[in-house]
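Here's the structure, in structure tokens; my notes come after.
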Amino acid sequence: MKKTIIILIVILIGIQFIPLDRTNPPVQSDFDAPADVKAIIKKACYNCHSNETKWVWYTKIAPISFLTASDVHDGRKHLNFSDWNKYAGNFAKVKEKIWEEVREENMPPWQYRIMHSNAQLTQEEKNILRNWALTK
Ligand code: HEC
């Protein structure tokens, strides 16, 4: 029993040294939308879908750090509000996709909503996003 605990502690310490990419690359072209829309997206989505991730203390502790780093990496790959102009010509589609994910409560992911109460969007906030997303 004692031995198991010691081994676990050694593993927990050891994994702290596994290198992870927690960088914020430069913002290319920031998300362009009306102020109310942008405020909602900023508080609920930017941590994973922008180059302005706030790496709070627990994102630096393994094994949580593995999950947050991989979410940010994946999130940016799928949709990056810091590279907004790359969707030019495709805005209608991207906006529709954003609304679809919010409407179906896929985004922000549930485990993120538990940790961040302000990412739990109210009906009013969802209405604002919907009106923006579905207006050409
Ligand atoms: C905790 C990190 C995290 C947050 C916060 C987050 N997302 Fe995501 N998002 C991801 C990840 C990871 C993926 C890619 C894998 C997947 O689809 O689950 C993704 C995928 C997406 C996609 C799908 C793109 C595609 O190509 O299918 C959209 C759209 C999206 N997110 C929108 C949003 C919006 C809008 C918000 C805020 C309301 C948000 N996300 C908040 C992590 C996040």
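This one's a predicted model, so the numbers in the text were calculated from it and none came from an experiment. Each ligand, and each atom within it, is numbered from 1 in the order the structure gives. Scope of the values below: all heavy atoms of this structure, side chains included, with no hydrogens, waters or symmetry mates. The first residue in the sequence is number 1, and the count goes up from there.
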Which atoms of ligand 1 are found less than 4.0 Å from any heavy atom of [X]?
X     : value
Ala44 : 5 (C), 37 (C), 38 (C), 41 (C)
Cys48 : 1 (C), 2 (C), 3 (C), 4 (C), 5 (C), 42 (C), 43 (C)
Cys45 : 34 (C), 35 (C), 36 (C), 37 (C), 38 (C), 39 (C), 41 (C)
Asp74 : 12 (C)

(Q) Restricting to side-chain contact (heavy atoms from CB on, under 4.5 Å), what partner residues turn up for Pro26, sequence neighbours left out? (A) none
(Q) Is the positively charged end of Lys60 above the ring of Trp55, judged by distance under 6.0 angstrom from the centroid and angle within 45° of the axis? (A)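 Not flagged: Lys60 not positioned over aromatic ring of Trp55.
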Q: Check the angle between the aromatic planes of Trp84 and Phe81 and answer parallel, tilted or perpendicular using the 30° and 60° thresholds.
A: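 Parallel.
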(Q) I want to know if ligand 1 touches His49 in the polar sense, i.e. an N/O pair below 3.5 angstrom. (A)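 Such a contact does occur with ligand 1.
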Is there a donor-acceptor pair under 3.5 Å between the side chain of [X] and the backbone N or O of [Y]?
X      : Y      : value
His49  : Gly75  : yes
Asn47  : Lys54  : yes
Arg113 : Pro108 : yes

Q) Is Leu79 near ligand 1, meaning one of its heavy atoms is under 4.0 Å from it? A) yes
Q: For atom 17 (O) of ligand 1, find the nearest protein heavy atom and state the residue, atom name and distance (0.1 Å precision).
A: Met107 CE, 4.4 Å
Q: Quick one: look up the protein heavy atom nearest atom 28 (C) of ligand 1 and list residue, atom name and how far away it is.
A: Glu101 CG, 3.6 Å
Q. For the ring pair (Phe, Tyr, Trp, His ring centres under 6.0 Å) test, which of Phe91, Trp99, Phe31 pairs with Trp132?
A. Phe31
**Q.** Structural part of Ala119 in contact with ligand 1, heavy atom criterion under 4.0 angstrom
**A.**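 It is neither part, as no heavy atom is under 4.0 Å.
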**Q.** Residue portion contacting ligand 1 (non-hydrogen atoms closer than 4.0 Å) for Asp71
**A.** both
Q. Do any of the N/O/S atoms of His78, backbone or side chain, fall under 2.8 Å from atom 8 (Fe) of ligand 1?
A.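 No.
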Q.
I'd like to know: is atom 8 (Fe) of ligand 1 within the 2.8 Å range of an N/O/S atom from Asn106, strictly under that distance?
A. no
